[in-house]
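Please read the structure below before turning to the comments.
Proteins come first, then strands; the chains are lettered A, B, ... in the order of their sequence lines, and each starts at number 1.
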Amino acid sequence: MKQVDAIEENSLGALPTEVKARTFVVIPAYNEGPALAEVVAEVRRHFDHVVVVDDGSRDNTHAVALDCARYVLKHLINRGQGAAIQTGIEFALIRGADFVVTFDADGQHRVEDIPALLAPILNGDVDIALGSRFLGSATDLPATRRLVLKAGVWFTRIFNGVRLTDAHNGLRAFSRKAAQRIHIRQDRMAHASEIIDLIRETELPFVEVPVTIRYTEYSLAKGQSARGALRIAFHYLVGKMVD
Amino acid sequence: MLNGLNTFQIVVGGVVAAFVLLLVLGSIRNLISKRDGVIWSLVGLATLIAILQPGITTKAASALGIGRGADLVFYVAILLMFLGFWMTYMRLRHLRKEMTSLVRHIAILQAEEGVGKGKNVETSKSQNVGT
């Protein structure tokens with residue numbers, strides 16, 4: 001296709017246009033003004049149905065999204081990333097999406113990884129594909145962040161009973177069936193662990209797919225510290241007990 | 001009968017009795033949930049008994065292996081406080097969920113189509129499937 005991304009274009013080029021047209025990419029965004037335009041533009045080069053869910057941002061996220069995304073949904077009040085993803089998924093389903101991809105707004109994901117996530121779903125092997133940075137590569141991942149993520153993987157093994165290499169990666173793909181059956185109730189960051197639970201409960205077949213995460217100063221600042229991770233664990237466990 | 005009561009028993013006992021009455025009336029008129037009404041009415045009644053018959057807490061305490069009646073009252077008060085916090089927290093969670101549904105509903109109803117085409121959008125030609 002284009003020469004700009006010549007190396008990685010192959011897989012994206014191989015993805016049938018018809019599949020791209022039936023894929024909705026949901027990007028939750030909270031105060032992501034600085035990075036959003038570039039991220040959305042990159043995704044839209046390949047997928048038209050880009051849904052940005054502005055989660056009550058106080059910066060110019062909404063204006064930026066209107067300028068570059070295909071659809072813009074606005075949470076009037078900040079409800080958290082889990083809530084924003086669920087809103088985007090519901091919208092995509094209403095619009096007839098056959099595949100739903102969740103993609104982070106901070107530029108840590110690469111659009112080139114999407115075909116690899118969609119492939120096993122297209123083959124009919126699985127309904128859910130989860131991106132894994134530890135199967136793939138995480139560039140410039142600091143040691144402390146790696147530790148937090150690894151702790152998250154173990155947390156998932158203990159409390160969800162699911163063995164994954166990377167439990168907290170925002171890059172995922174769902175078949176329409178999976179998107180309909182996965183209903184995220186954890187409004188904030190604990191949705192990542194909750195999704196794993198829902199996968200187990202619904203018994204939907206899933207696979208982990210290696211992806212590359214680009215760590216930048218910006219995306220690292222947006223990510224979770226160890227303290228944040230503890231708060232998330234608390235929300236998750238309370239949700240597990242009472243919901 | 002009131003002759004046998006001290007000032008503390010009359011004042012605090014009266015307040016607690018009024019509180020129990022409000023709870024009972026409130027749950028009958030569905031102003032509060034039946035569950036909350038029953039739980040806090042029982043707590044109020046137990047408090048009332050402890051106020052009118054102070055000796056009873058000592059008996060209950062020794063039956064449970066706790067030294068003094070006042071200690072038992074103290075422990076129970078702390079436990080009830082936690083129960084109150086927990087119930088409030090649950091209520092808050094419920095409210096948050098309702099708020100999320102509302103916010104989501106509005107977001108989907110008011111979905112906007114982006115005005116810009118983004119940069120170098122190639123694949124966006126007439127592929128509005130499913131819309």
How close do B:Thr57 and B:Ala50 get, counting heavy atoms only, and between which atoms?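 That would be CG2-CB, 3.7 Å.
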For A:His109, ring pair (Phe, Tyr, Trp, His ring centres under 6.0 Å) partners two or more places apart: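 Testing A:His109 for ring pair (Phe, Tyr, Trp, His ring centres under 6.0 Å), a comparison that skips the adjacent residues, returns A:Phe103.
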Sort B:Met99 into side chain, backbone, both or neither according to what part of it lies under 4.5 angstrom from a heavy atom of chain A.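 Both backbone and side chain.
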By a 4.5 Å heavy-atom criterion (distance strictly below it), what part of B:Arg96 contacts chain A: side chain, backbone, both, or neither?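 For B:Arg96, the contact with chain A is made by backbone and side chain together.
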For A:Tyr236 and A:Phe155, I'd like to know if the aromatic rings sit close, meaning centre-to-centre distance below 6.0 Å.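 Distance test on ring centres: under 6.0 Å, yes.
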Under 6.0 Å between ring centres, would you say that holds for A:Tyr71 and A:Phe91?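 They qualify: ring centres under 6.0 Å apart.
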Would you mind checking which part of A:Gln86 comes under 4.5 Å of any heavy atom in chain B, side chain (CB onward), backbone (N, CA, C, O), both or neither?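 Contact with chain B is through both the backbone and side chain of A:Gln86.
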So for A:Val40, is it side chain, backbone, both, or neither that comes closer than 4.5 Å to the heavy atoms of chain B?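 Neither part; nothing is under 4.5 Å.
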Counting neighbours of [atom1] on [X] that are heavy atoms of other residues, nucleotides or ligands and sit closer than 6.0 Å, is the number greater than 12?
X: B:Gln53; atom1: CD; value: no
X: B:His105; atom1: NE2; value: no
X: B:Arg68; atom1: CZ; value: no

Assign the ring pair B:Trp86 / B:Tyr89 to parallel, tilted or perpendicular, where the plane angle (0 to 90°) is split at 30° and 60°.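 Tilted, since the angle between the ring planes falls between 30° and 60°.
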If contact means a heavy atom pair closer than 4.5 Å, which residues of residues 114-123 of chain A contact chain B?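 If one takes a 4.5 Å heavy-atom cut-off, no residue of residues 114-123 of chain A lies near chain B.
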Highest number of heavy-atom pairs under 4.5 Å with chain B: which of A:Val51, A:Val52, A:Ile77, A:Val50?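 Most pairs with chain B among the choices: A:Ile77.
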